[in-house]
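Not measured: the values here are computed from a predicted model. All chains are named by letter (A, B, ...) in the order of the sequence lines, taking the proteins before the strands, and each is independently numbered beginning at 1.
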Amino acid sequence: MAISRDDIAAVLDEIALLLEIKGENPFKTRAYRNGAETVRNYDGDIVKKAAANELDGIKGIGKALQEKLHELASTGELKFHQNLRAEFPEGLFDLFGIQGLGPKKVRALYDQLGVDSIEALKTACTDGSAAGLPGFGKKSIEKLLEAIALKEQFADLFRLGDIAPIAESMLENLRQHPDSLRVEIAGSYRRSKEVLHDIDFLVATPKPAEMTEYFSQLPEVDSVIVCGSTKASVRLANGLQCDLRAVSNEQFPFALQYFSGSKEHNVALRSRALKHGWSLNEYGFTPKDKTSPAAPAVKEEADIYRILELDRIPPELRENRGEIEAAEAGEIPRLVELENLRGTFHNHTTASDGKNTLEEMAEAARDLGLQYLGIADHSKSQFQANGLYPDRLLKQVAAIQELNQSWDDFQIFTGTEVDILKDGSLDFEDDVLEQLDYSVASIHGSFQLPEKEMTARIIKAMENPHVTMIGHLTGRLLLRREGYAVDVDKVIDCAIRTGTIIELNCNPRRLDMDWRHWQRARDKGLMTSINPDAHATEQLQYLAYGIRLARKGWLRREDVLNCMTLDEVQRWLKLPKEQRMRA
DNA sequence: CTTTCTCTAAAGTGCACTGTGGCCAGTGC
């Protein structure tokens with residue numbers, strides 16, 4: 001198979017990393033990183049051009065990179081890269097996944113202690129040998145051990161957004177099979193958990209052995225763990241385990257309910273079934289004793305809930321967090337749906353660190369059927385992200401106002417993702433902010449503040465009348481970094497008091513504020529905005545993850561700002577802050 | 001390594017934070 005654009009970019013990135021360890025000229029390493037970005041974003045078939053050696057005139061690809069790209073595209077390999085790679089052991093790359101380790105420290109560990117893997121790093125930290133290196137004090141060692149523990153804890157976990165595409169493609173493949181009557185993904189994927197450790201497929205079929213066999217040979221499968229007559233487990237190239245269970249069409253609703261979990265939800269449901277005189281498991285209802293009524297007919301999963309005198313409970317809510325009580329009382333809310341979204345806030349353009357222009361982002365939003373798009377590029381403190389100074393911001397505002405003349409059914413809102421500085425003040429003065437339609441205030445630095453100060457910092461930002469919403473409340477990066485210490489309840493109360501939205505950042509790396517807080521916050525009256533934090537047109541699709549997590553947080557259409565129509569949201573943005581939060 | 005240029009040599013994102021080591025280096029945004 002021919003080498004892909006992403007493969008080429010990955011090679012360039014890896015070269016940059018290796019040159020960094022070698023202590024090469026930082027501008028050289030940056031040139032390779034820029035090259036990788038250029039390859040990824042090039043508008044046209046850059047692989048074909050590279051193969052034909054026609055790369056002249058592409059900004060960021062000079063003579064040396066042209067030659068390397070040509071070699072890569074035409075032979076699929078690069079001598080320079082292979083030689084460089086051969087200088088270092090394989091495991092060294094894993095070390096860069098540890099927070100606090102950069103090229104210099106990796107180099108020191110490798111050169112002086114021979115540390116070439118996470119395992120070796122752990123040893124060097126615990127046996128005291130790392131403590132002998134310059135720059136490695138007591139606190140550094142402690143932090144490294146913490147980072148290793150964090151990494152181990154996340155070792156076999158995957159982010160929802162990273163596996164959804166492959167899960168859906170496998171689902172589609174299974175549905176194609178002539179012997180599959182019904183196919184669903186159960187488990188935590190169906191419940192829209194933000195991180196998962198496996199995917200559970202379920203198929204109703206008259207020929208279970210054929211289905212498990214077919215499953216274990218899907219193109220996505222890397223290796224087969226087990227393949228029996230009703231169950232198969234496989235591993236994908238990325239390490240993710242996938243299970244398939246094949247059941248009869250009659251058992252399917254029970255199996256779907258059972259394997260969707262959560263375990264806690266099922267325990268509660270089973271005890272409810274017992275009160276009705278049946279035991280409930282993945283195969284069906286079984287009368288408990290002679291006095292029990294006959295087991296009722298079940299055609300689909302919803303029947304199980306109906307028979308137990310419950311509203312149908314959407315899978316996202318099945319965490320035993322009050323959903324059974326709500327279903328009993330007929331109080332399962334009508335959860336928000338993707339179709340309810342009318343627009344979105346918090347999106348970036350090429351003005352700061354986005355990959356697409358204002359015009360391209362707007363077109364993409366229109367193509368998705370949205371009525372409005374909020375632009376929120378970074379503010380000046382985000383230097384590395386090309387954050388805007390007031391002059392550039394105001395130029396952008398003028399450009400947006402001009403662009404808005406070209407539509408009567410669509411509008412761009414002018415905004416900013418303004419940094420909340422260490423003391424809670426903002427990166428723009430009020431006289432700048434008041435010229436915008438809205439603003440998202442976010443924290444991008446000083447992550448280590450103690451909880452009290454961090455909470456006060458956010459509260460101070462929310463008290464500013466020009467702050468429309470708070471971006472990614474805890475700053476967590478799923479499976480990478482814990483959120484900063486913040487008293488979420490205090491912040492929620494302050495948000496309601498001041499009329500400030502807390503966004504549901506639906507970038508799959510964040511999904512922040514966490515779903516576990518939303519039901520409580522909603523009950524108190526808080527509203528959210530489901531924001532993709534898109535840095536490219538295709539990332540507007542992250543809204544789908546936002547909807548999944550909003551549903552998991554019990555949110556309804558009326559809890560979500562960007563479910564408002566264009567007219568409604570225009571009116572809402574003109575209200576003084578204290579009148580914005582609905583009663 | 002690439003771009004730019006008083007065009008074959010120089011400049012090329014800046015800052016805060018952290019911890020350590022003795023006032024700076026590395027990391028991350």
Side-chain angles (χ1 to χ4, degrees), chain A residues 11-39 55-70 78 80-81 84 95-111 125 130-147 348 350-353 377-389 392 417-423 425 427 442-450 453-454 457 471-472 475-477 480-484 507 509-510 533 535:
Chain A
V11 169
L12 296 183
D13 270 332
E14 200 171 282
I15 291 173
L17 200 62
L18 289 162
L19 292 177
E20 229 166 19
I21 308 181
K22 292 187 70 161
E24 263 286 3
N25 174 358
F27 296 107
K28 194 191 241 187
T29 62
R30 192 174 303 150
Y32 279 97
R33 286 233 162 80
N34 290 340
E37 265 318 276
T38 306
V39 168
L55 293 167
D56 271 341
I58 300 178
K59 213 170 146 83
I61 310 285
K63 198 158 158 281
L65 261 72
Q66 279 186 28
E67 280 169 15
K68 292 188 171 77
L69 289 183
H70 175 57
L78 180 59
F80 176 73
H81 172 235
L84 206 53
L95 294 180
F96 285 94
I98 303 282
Q99 287 279 312
L101 278 191
K104 301 281 168 58
K105 292 198 154 181
V106 168
R107 173 105 203 248
L109 286 163
Y110 177 57
D111 278 356
C125 286
L133 298 181
F136 289 79
K138 195 168 149 230
K139 204 117 181 210
S140 302
I141 303 281
E142 242 169 58
K143 283 203 156 178
L144 282 178
L145 284 170
E146 259 171 47
H348 298 267
T350 45
S352 65
D353 58 350
D377 274 309
H378 287 289
S379 60
K380 60 182 190 290
S381 289
Q382 287 304 298
F383 187 87
Q384 81 295 336
N386 193 23
L388 281 66
Y389 275 80
R392 284 180 61 217
E417 181 177 16
V418 62
D419 256 55
I420 302 175
L421 305 175
K422 189 175 176 183
D423 64 354
S425 63
D427 199 23
S442 306
I443 286 177
H444 291 109
S446 298
F447 294 144
Q448 308 297 330
L449 290 186
E453 276 173 63
M454 190 60 93
R457 176 184 183 188
H472 45 74
R476 74 173 179 190
L477 293 177
R480 285 282 298 175
R481 183 178 80 197
E482 304 281 3
Y484 27 82
N507 185 309
R509 288 153 38 90
R510 295 188 182 272
D533 202 350
H535 285 69

Review point. With sugar-phosphate meaning primed atoms plus P, OP1 and OP2, does A/Lys380 contact a base, only sugar-phosphate, or nothing at under 4.0 Å between heavy atoms?
Key: nothing
Check your understanding: Can you name the side chain to side chain donor-acceptor pair (under 3.5 Å) partners of A/His70, sequence neighbours left out?
Key -> none
Exercise for review: Verify the contact: side-chain N or O of A/Ser381 to OP1 or OP2 of B/dC15, cut-off strictly under 4.0 Å; return yes or no.
Suggested key: no
Review point. Base, sugar-phosphate, or nothing: which does A/Thr29 touch, judged by heavy atoms less than 4.0 Å apart?
Key: nothing
Review point. Counting just side-chain N and O atoms, does A/Lys28 come under 4.0 Å of either OP1 or OP2 of B/dG12?
Key: no
Review point. The side chain of A/Phe383 lies closest to which of these nucleotides: B/dC29, B/dG14, B/dT20?
Key: B/dG14
Exercise for review: List in chain and number order the residues that pass salt bridge (Lys or Arg N to Asp or Glu O under 4.0 Å) with A/Asp377, two or more places apart in sequence or in another chain; answer none if no residue qualifies.
Suggested key: none
Study note, to complete from the structure: Quick note, A/Tyr32 side chain, CB onward, closest among B/dG19, B/dC29, B/dC1 is B/dC1
**Study point:** Nucleotide B/dC17, atom P - distance to OH of A/Tyr484 in whole Å
**Key:** 15 Å
Check your understanding: Picking from B/dT18, B/dT20, B/dG14, which would you name as closest to the side chain of A/Gln384?
Key -> B/dG14
Exercise for review: For B/dC17 and B/dG22, measure between their P atoms and round to the nearest Å.
Suggested key: 23 Å
Point to revise | Separation of B/dC17 P from A/Gln448 CD (nearest whole Å) | key: 11 Å
**Study point:** Pairwise side-chain contact, A/Glu417 with A/His444, heavy-atom cut-off 4.5 Å (strictly under)
**Key:** yes
Revision key, fill the gap. In numerical order, the residues of residues 59-66 of chain A whose heavy atoms come under 4.0 Å of DNA chain B are A/Lys59, A/Gly60, A/Ile61, A/Gly62, A/Lys63, A/Ala64, A/Leu65
Point to revise | Spacing between A/Gln99 atom CD and B/dT27 atom C1', to the nearest angstrom | key: 9 Å
Revision key, fill the gap. Sequence neighbours excluded, the answer for side chain to side chain donor-acceptor pair (under 3.5 Å) partners of A/Asp13 is A/Arg40
**Study point:** Spacing of A/Leu144 atom CG relative to B/dT20 atom P, expressed in whole Å
**Key:** 10 Å
Exercise for review: Could you work out which one of B/dC1, B/dG14, B/dT27 sits closest to the side chain of A/Pro103?
Suggested key: B/dT27
Review point. Distance between the C1' atoms of B/dG21 and B/dG26, in whole angstroms?
Key: 14 Å
Check your understanding: So does A/Arg107 get a side-chain nitrogen or oxygen closer than 4.0 Å to the phosphate oxygens (OP1/OP2) of B/dT27?
Key -> no
Review point. Where the side chain of A/Lys105 is concerned, which of B/dG26, B/dG19, B/dC29 is the nearest nucleotide?
Key: B/dG26
Point to revise | Qualifying residues under side chain to side chain donor-acceptor pair (under 3.5 Å), relative to A/Lys380, sequence neighbours excluded | key: A/Asp427
Between the protein and nucleotides 21-25 of chain B, list every N/O to N/O distance that falls short of 3.5 Å.
{"residue": "B/dG21", "atom": "OP1", "partner": "A/Gly135", "partner atom": "N", "Å": "3.4"}

Exercise for review: Specify the separation, in whole Å, of atom CG of A/Leu421 and atom P of B/dC15.
Suggested key: 14 Å
Exercise for review: Sticking with atom P, work out how far B/dG14 lies from B/dA9, rounded to a whole angstrom.
Suggested key: 25 Å
Check your understanding: Excluding sequence neighbours, so at least two apart, what forms salt bridge (Lys or Arg N to Asp or Glu O under 4.0 Å) with A/Asp419?
Key -> none
Review point. For atom P, what is the distance between B/dT6 and B/dC1, given to the nearest Å?
Key: 25 Å
Review point. Who passes salt bridge (Lys or Arg N to Asp or Glu O under 4.0 Å) against A/Lys422, sequence neighbours left out?
Key: none
Point to revise | A/Glu37 CD to B/dG12 P, straight-line distance once rounded to whole Å | key: 22 Å
Practice item. Identify the heavy atoms of A/Ala130 and A/Ile141 that sit nearest to each other, and give their distance. Key: CB-CD1, 3.7 Å
Check your understanding: Are any of A/Ser446's side-chain N or O atoms less than 4.0 Å away from OP1 or OP2 of B/dA16?
Key -> no
Study note, to complete from the structure: Judged by whether its glycosidic angle lies within 90° of 0, B/dC23 is anti
Study note, to complete from the structure: Sorted by position of nearest nucleotide on DNA chain B, 5' first, the leading residue of A/His444 and A/Leu19 is A/Leu19
Exercise for review: Can you tell me, in whole Å, how much space there is between the P of B/dA11 and that of B/dA16?
Suggested key: 24 Å
Check your understanding: Which one, B/dG19, B/dC17, B/dC1, comes nearest to the side chain of A/Lys422?
Key -> B/dC17
Exercise for review: State, yes or no, whether a side-chain contact exists between A/Gln66 and A/Asp56 at a heavy-atom distance under 4.5 Å.
Suggested key: yes
Exercise for review: Measure from CG on A/Asn25 to C1' on B/dC1 and round the result to the nearest Å.
Suggested key: 8 Å
**Study point:** Touch class at under 4.0 angstrom, heavy-atom based, for A/Glu24 against every strand present
**Key:** nothing
Review point. Would you say A/Leu449 and A/Tyr484 make side-chain contact, with heavy atoms under 4.5 Å?
Key: no
Check your understanding: Residues in side chain to side chain contact (heavy atoms under 4.5 Å, CB included) with A/Lys104, at least two apart?
Key -> none
Review point. Of the options A/Arg107, A/Arg33, A/Lys28, which is the one that meets A/Glu20 in a side chain to side chain donor-acceptor pair (under 3.5 Å)?
Key: A/Arg33
**Study point:** Interatomic distance at P, B/dT20 relative to B/dC15, whole Å
**Key:** 25 Å
Study note, to complete from the structure: In whole angstroms, the gap separating P of B/dC1 from NZ of A/Lys22 amounts to 11 Å
